[in-house]
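Worksheet for the structure shown next.
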2 protein chains.
Amino acid sequence: MKEYSIGQLSKQCDVKVPTIRYYEEIALLDPPGRTAGGQRRYPPSALERLSMIAHARDLGFSIDAIREFIRMSNHPTAPCVDLDKITEKHLNDVKKRIKKLQALETELTAMLKSCDHGQVADCRILQVLSDHDQCQTQH
Amino acid sequence: MKEYSIGQLSKQCDVKVPTIRYYEEIALLDPPGRTAGGQRRYPPSALERLSMIAHARDLGFSIDAIREFIRMSNHPTAPCVDLDKITEKHLNDVKKRIKKLQALETELTAMLKSCDHGQVADCRILQVLSDHDQCQTQH
DNA sequence: TCCAATACCTCCAAAGACTAGAGCATTTTA
DNA sequence: TAAAATGCTCTAGTCTTTGGAGGTATTGGA
């Protein structure tokens with residue numbers, strides 16, 4: 001039942017203190033309890049919530065997408081019809097990201113390999129990322 | 001040898017016109033030629049460049065990371081030592097992203113499945129994204 | 001060829017997501 | 001219990017992107 005100060009939360013999740021307060025302001029984080037002196041004290045669950053937000057942001061999800069993740073997570077018992085489309089949308093998005101990243105991984109690995117051999121890579125990072133559909137189908 | 005106006009580029013790459021001008025301002029895009037009247041005219045290569053920027057941004061890469069991709073791509077013949085660390089750093093980053101996204105994919109798929117069966121998912125989207133190392137090792 | 005309609009130009013401002021600092025209060029720890 | 005560390009609010013700034021105002025180019029018909 002330990003409680004965390006905002007600074008401890010910040011260190012644990014690698015999120016700057018003002019950013020945590022900002023997330024509270026835009027209602028991504030529930031307002032935590034306060035000490036008699038007015039300082040924030042977070043329950044352990046806030047740690048998980050915040051680090052999920054940080055990772056999702058890092059992966060390129062918008063604040064709104066994260067809001068949807070949170071809503072989905074908070075209402076696993078909600079009518080399926082409501083969740084179905086949102087889930088599917090995000091799943092498609094995630095699959096696309098994975099594909100692009102895997103293509104990028106291939107290219108970066110190839111660059112490293114040709115480096116190993118002292119050879120010059122015909123660098124295709126840009127082409128891989130530019131995603132004319134060849135990239136998806138021809139690799 | 002066709003040339004594109006900024007509007008055509010915008011449509012093709014799904015990047016807003018002011019955003020294209022902004023990318024030029026911060027030197028992510030080379031300043032294109034101009035007509036006698038002062039309007040921008042882009043070579044076909046700009047199309048590829050811009051769409052790579054758009055995709056990389058979408059995947060969550062920072063402007064600086066993209067600058068590095070461009071630099072790497074522009075100098076495939078540069079000394080390997082210079083590129084090696086940068087490449088490896090990005091490769092690690094890409095691998096981490098892929099892992100996180102795959103975990104997320106698993107969870108979203110599970111949600112959809114339990115929806116199919118009219119059952120209630122024990123939704124773990126948040127936990128998956130919060131990435132205490134269990135997620136990497138226990139799945 | 002001329003003339004709307006459309007697209008473009010620059011410049012300025014604002015929105016979204018943070019980040020930093022000033023000035024003061026609370027907590028911790030030596 | 002006093003000094004150091006951390007926290008509070010509020011304001012202002014950055015970065016990336018988007019929108020609008022006011023004016024100029026380009027273009028597709030008549």
Side-chain angles (χ1 to χ4, degrees), chain A residues 1-44 46-47 49-71 93 129, chain B residues 1-43 46-47 49-70 97 129:
Chain A
M1 281 294 142
K2 221 209 140 207
E3 300 220 300
Y4 300 87
S5 72
I6 199 168
Q8 292 170 322
L9 203 59
S10 167
K11 252 177 219 138
Q12 299 258 346
C13 300
D14 198 28
V15 173
K16 302 233 165 41
V17 167
T19 305
I20 298 175
R21 292 198 272 249
Y22 171 71
Y23 285 158
E24 180 183 332
E25 194 184 312
I26 63 171
L28 266 195
L29 289 178
D30 296 331
R34 301 274 184 142
T35 63
Q39 300 197 353
R40 290 169 178 81
R41 284 301 116 95
Y42 294 91
L47 219 143
R49 164 71 63 96
L50 179 56
S51 94
M52 109 77 179
I53 294 171
H55 285 290
R57 290 295 293 137
D58 181 52
L59 287 171
F61 291 100
S62 70
I63 298 280
D64 279 347
I66 294 171
R67 260 191 242 284
E68 275 184 3
F69 284 143
I70 291 172
R71 214 174 328 128
D93 186 35
L129 276 171
Chain B
M1 280 296 140
K2 220 212 143 203
E3 299 219 301
Y4 299 88
S5 72
I6 198 168
Q8 291 170 323
L9 203 59
S10 167
K11 252 177 220 137
Q12 299 258 347
C13 299
D14 198 27
V15 172
K16 302 241 163 35
V17 168
T19 306
I20 297 176
R21 293 198 272 248
Y22 171 70
Y23 287 158
E24 180 183 332
E25 194 184 312
I26 64 170
L28 268 193
L29 289 177
D30 297 331
R34 301 271 184 143
T35 63
Q39 301 197 352
R40 292 168 177 81
R41 285 300 116 97
Y42 295 91
L47 220 142
R49 164 72 61 97
L50 178 56
S51 95
M52 109 78 179
I53 293 171
H55 285 289
R57 291 296 290 140
D58 182 51
L59 287 170
F61 290 101
S62 70
I63 298 278
D64 280 346
I66 294 171
R67 261 191 243 282
E68 274 183 3
F69 285 142
I70 292 172
R97 283 164 198 262
L129 276 170

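Put simply, T35(A) has a side-chain N or O that comes within less than 4.0 Å of OP1 or OP2 on dT27(C). Side-chain nitrogen and oxygen atoms of R40(B) include none within less than 4.0 Å of the OP1 or OP2 phosphate oxygen of dC8(C). Checking the phosphate oxygens (OP1, OP2) of dG16(C), no side-chain nitrogen or oxygen of Y22(A) falls inside 4.0 Å.
At whole-Å resolution of the value, CD in Q39(B) and P in dT6(C) are 16 Å apart. In this structure, I26(B) places its CD1 atom 8 Å from C1' of dT16(D), rounding to the nearest Å. Put simply, CG on L28(B) is 11 Å from C1' on dT16(D), counting in whole angstrom units. Rounded to whole Å, the distance from OH on Y23(B) to C1' on dT16(D) is 7 Å. Atom CD1 in I63(B) sits about 15 Å away from atom C1' in dC18(C), given to the nearest Å. As a whole-Å value, the separation of K16(A) NZ from dT19(C) P is 5 Å. Regarding I53(A), its CD1 atom lies at a distance of 12 Å from the P atom of dA17(C), rounded to whole Å. Following rounding to the nearest Å, R67(A) (CZ) and dG16(C) (P) show an atom-to-atom distance of 10 Å.
Panel note: side chain R97(B), backbone D58(A); a donor-acceptor pair is recorded below 3.5 Å. S10(B) contributes a side-chain N or O that, together with a main-chain N or O of V15(B), makes up a donor-acceptor pair within less than 3.5 Å. Side chain of Q8(B) to main chain of S5(B): a donor-acceptor pair is present (N/O by atom type, distance under 3.5 Å, no hydrogens or angles).
Nearest-nucleotide assignment on DNA chain D puts the 5′-proximal partner with R57(B), out of R41(B) and R57(B). Nucleotides of DNA chain C nearest to A36(A) and P18(A) differ in position, and the one nearer the 5' end is that of P18(A). Residue whose closest nucleotide on DNA chain C sits further toward the 5' end, between G37(A) and T19(A): T19(A).
When distances are taken from the side chain of R34(A) to each of dT9(D), dA17(C), dT17(D), the shortest belongs to dT9(D). Nearest nucleotide to the I6(A) side chain, out of dT17(D), dC8(D), dC18(C): dC8(D).
L28(A) pairs with exactly one of R67(A), R49(A), R57(A) by the side chain to side chain contact (heavy atoms under 4.5 Å, CB included) rule, that one being R67(A). For the side chain to side chain contact (heavy atoms under 4.5 Å, CB included) criterion with K16(A), the lone passing option out of D14(A), I20(A), T19(A) is T19(A).
Using a 4.0 Å heavy-atom cutoff across all strands shown, S5(B) reaches sugar-phosphate atoms only and no base atom. Using a 4.0 Å heavy-atom distance criterion, R21(B) is classed as a base contact.
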